[in-house]
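First up is the structure itself, then whatever we jot down about it.
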Amino acid sequence: MQMADTPYQMPDAQGHFGPYGGVFVAETLIPALDSLREAYAACQKDPAFMEEYRYELRHFVGRPSPIYLARRWSELLGGAQIYLKREDLNHTGAHKVNNCIGQALLARHMGKPRVIAETGAGQHGVATATVAARYGLECVVYMGSEDIRRQAANVYRMKLLGASVVPVESGSRTLKDALNEAMRDWVTNIHDTFYIIGTVAGPHPYPQMVRDFQKVIGEECLTQMPEMTGRQPDAVIACVGGGSNAMGIFYPYIPHADVRLIGVEAAGDGLDSGRHAASLSAGRPGVLHGNRTYLLQNEDGQIIETHSISAGLDYPGVGPEHAWLKDCNRAEYVGVTDAEALQAFHDLCRYEGIIPALESSHALAYAAKLAPTLGKDKVLLVNLSGRGDKDMHTVAEKSGIQF
Amino acid sequence: MPLMHALVDGGADIIELGVPFSDPMADGPTIQRASERALAAGMSLRKVLALVEAFRKTNTTTPVVLMGYANPIEAMGAETFVAAAAAVGVDGVLVVDYPPQECVAFADIAKGAGIDPIFLLAPTSLESRFDDVAKAGSGYIYYVSLKGVTGSAKLDLDEVAQRIPLIRERVGMPVGVGFGIRDAETAKAVGAVADAVVIGSRIIEEIEHAGPDAAVARVTAFLRSIREALDSLGEPRL
């Protein structure tokens, strides 16, 4: 069923999703964001640009990614049928590359020879380093020193691809601090540098632009699900850190009012423990990293340190469009703990022969909770946003194994 | 608070008092470190306001401008913050990540309470931005003299000399210049074309190097050298 009377058109021209989003940056960045907005608007309407983007997705990334019925796991759970959108099969192993290709093409179009990026788990850094090598751009990736320690293999991958990885020692030495540092680089080197933000957060036009470069995920599902099951799913489930894989699969489904959209945040040790990264479930609106959105903060408005077993979800904010979808009740947001995500990780390995990323394992864990409460005729679609090779060390450590 | 009085003794006309934030995106390493130290010592927006209140007991004339980021203000609530700031004697507020188009309501509340909303302009700002800040702001304009973050090294004097008269005329407010002013020489060069020079990271470096006991004396001495350089330029334009 389509919502015909109220077409969803977000954000507005100033980048607002209701009270969220916007451009909350120092004056020094305003001209750069203005020219980015103009260049992006022009490229969106340029058939040659979009044709090249689609060509790259097909031939370099390997799209469309398949949808797979997790038959044994669904039978074991004894309820709804669980289908997986296989973003883990993309080149570089996650959904991140869809967006990086779009932004790297835009950088080239704007004549910027140097790209920078922030990264948490390293997936966005690897994807950025990959496309930089592909298009011959200089690449610098900012990464918290704590994350560098947790994700050594990805750091090496970025270096193999020719990128410089700059350790960030300020604050909590994780994703949010890497983002601060990348912004500082950008403001200093605006003349020749394009900042490839990896998620649907940051100042306008990033939340919109990243969503648009990721919406190919959901658009493919709109075609693939009826081919496989004769209809659209009852619910679409995706993990939410910053929220780019979730926006990518949710966005094309927003007008389909009878499809539930469920975002799964990292509840870490539990929402009551204070050690989690669930901004929508446990945060309050505020301003960080160029946009207004839900944030994990103390009563003085200082951003607090977050925790998740998954570095990619370990972020105190969330994309402003998710904040809006929550407030207008179009999407639901729930939490899944480290332990629940680990269980889903192991189950998918054992029952389906797929090693999922710990980020995606949060979405899987919620599907495993929901499926048994629904009939066998119901259909759940989970965005399997990345593969878990990068998480071998973390999972092994949790099982008391050392390589 | 002794440092605030030291700044006045050293010859500061206006005090910009930084409100620490956990994620100071527009600041370089010196002010980042200062923010981290302040937060670790339990500093907060409320405590900054209490500091101004205490300062006002002995100094009722030196204007005090709070400088920081939006989130601590939003967490307190814009109206609560403005009322509290006006009550303790704050004269202006510069919110780094509030460009004019995102804070029309806040700027109006501040002006209504007699507090100047101060805005930044940058070398990259288009002239259309001059009108935006003229409309939203009051008090003075803080001209960021270089691309980059606070405390950066290089400063393009020719560019500053060219832009300041243009901005002053279009915006109708005095223009202070900051980012990259490190000594009496750069202060004098900038002071020759600007209405005020703004020094932040360099003062914090003095405090860092001096340690708690010697900080007051070193800050006073450093500012005296700046003051003398500026006074040698003759009558202030302000």
Side-chain angles (χ1 to χ4, degrees), chain A residues 13-16 19 21-35 168-172 175-191 193 202-204 283-293 295-305 316-317, chain B residues 19-29 32-33 35-36 38-39 42-48 68-77 81 94-103 119-126 128-129 132-133 141-150 152 154 179:
Chain A
Q14 286 75 45
H16 294 119
V23 183
F24 292 90
V25 297
E27 180 64 26
T28 38
L29 278 176
I30 295 282
L33 290 166
D34 284 346
S35 62
V168 175
E169 302 286 355
S170 57
S172 58
L175 177 57
K176 79 174 176 73
D177 311 287
L179 216 152
N180 292 336
E181 209 53 43
M183 282 278 183
R184 292 182 186 116
D185 179 315
W186 197 33
V187 78
T188 309
N189 299 298
I190 270 169
H191 58 286
T193 297
H204 180 61
R284 284 178 291 126
V287 171
L288 179 70
H289 292 151
N291 63 142
R292 183 178 282 123
T293 187
L295 301 173
L296 292 169
Q297 53 181 311
N298 69 17
E299 59 179 20
D300 292 326
Q302 306 297 339
I303 306 307
I304 56 179
E305 289 189 17
Chain B
V19 180
F21 181 49
S22 50
D23 294 80
M25 234 165 60
D27 286 299
Q32 282 178 56
R33 282 197 305 273
S35 287
E36 286 183 14
L39 290 174
M43 190 42 78
S44 66
L45 179 52
R46 279 169 211 283
K47 288 184 181 169
V48 170
Y69 292 80
N71 203 52
I73 292 174
E74 298 212 349
M76 186 183 279
F81 163 72
L94 198 173
V95 185
V96 178
D97 50 353
Y98 264 169
Q101 70 269 28
E102 295 288 2
C103 74
F119 288 97
L120 301 168
L121 283 175
T124 45
S125 299
L126 301 175
S128 58
R129 293 294 286 178
D132 295 343
V133 300
I141 294 298
Y142 185 151
Y143 184 71
V144 175
S145 57
L146 44 83
K147 294 170 199 149
V149 293
T150 54
S152 309
K154 44 202 185 298
F179 282 39

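Labels below follow one simple rule: chain letters A, B, ... track the order of the sequence lines, proteins then strands, and each chain is numbered from 1.
Between chain A and the residues Gln32(B), Arg33(B), Glu36(B), the most heavy-atom pairs under 4.5 angstrom are made by Gln32(B). Put simply, of Glu299(A), His289(A), Gln14(A), the one with the most heavy-atom pairs under 4.5 Å next to chain B is His289(A). Of the listed residues (Leu126(B), Leu45(B), Leu39(B)), the greatest number of heavy-atom pairs within a distance under 4.5 Å of chain A belongs to Leu39(B).
Residues Phe21(B) and Val287(A) share a closest heavy-atom pair of CZ-O, 4.4 Å. Minimum heavy-atom separation, Pro99(B) to Val23(A): CG-O, 3.0 Å. Between Ala75(B) and Asp300(A), the closest heavy-atom pair is CB-C, 4.1 Å. Closest approach of Ile30(A) to Gln101(B), counting heavy atoms only: CD1-NE2, 3.8 Å. Between Gln302(A) and Pro72(B), the closest heavy-atom pair is NE2-CG, 4.1 Å. Nearest heavy atom pair, residue Asn71(B) against residue Gly301(A), reads ND2-O, 2.9 Å.
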>> salt bridge (Lys or Arg N to Asp or Glu O under 4.0 Å), that's the test. Do Arg292(A) and Glu74(B) meet it? Break it down for me.
In response: CA-CA 10 Å; Arg292(A) 183 178 282 123; Glu74(B) 298 212 349; 2.5 Å; yes
>> As a quick check of understanding, evaluate side chain to side chain contact (heavy atoms under 4.5 Å, CB included) for Glu102(B) and His16(A), giving each step before the final call.
In response: CA-CA 10 Å; Glu102(B) 295 288 2; His16(A) 294 119; 2.9 Å; yes
>> Pair Ser125(B), Glu27(A) - check side-chain hydrogen bond (donor to acceptor under 3.5 Å, both in side chains), show working.
In response: CA-CA 7 Å; Ser125(B) 299; Glu27(A) 180 64 26; 2.9 Å; yes
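Gln297(A) CD to Asp23(B) CG: the interatomic distance, rounded to the nearest 0.5 Å, is 11.0 Å. Atoms CG and OG, on Asn298(A) and Ser22(B) in that order, are 7.5 Å from each other to the nearest 0.5 Å. Interatomic distance, CH2 of Trp186(A) versus CE of Met25(B), reported as 10.0 Å (0.5 Å rounding).
Within the 4.5 angstrom heavy-atom criterion, only side-chain atoms of Glu181(A), from C-beta onward, approach chain B. When heavy atoms are compared at a cutoff of 4.5 Å, Ile303(A) approaches chain B by way of both its backbone and its side chain. Residue Leu295(A) touches chain B through its side chain alone, counting heavy-atom pairs closer than 4.5 Å. The parts of Pro24(B) that come within reach of chain A are both its backbone and its side chain, each placing non-hydrogen atoms under 4.5 angstrom from that chain.
Arg46(B) CZ: 12 or fewer foreign heavy atoms inside a 6.0 Å radius.
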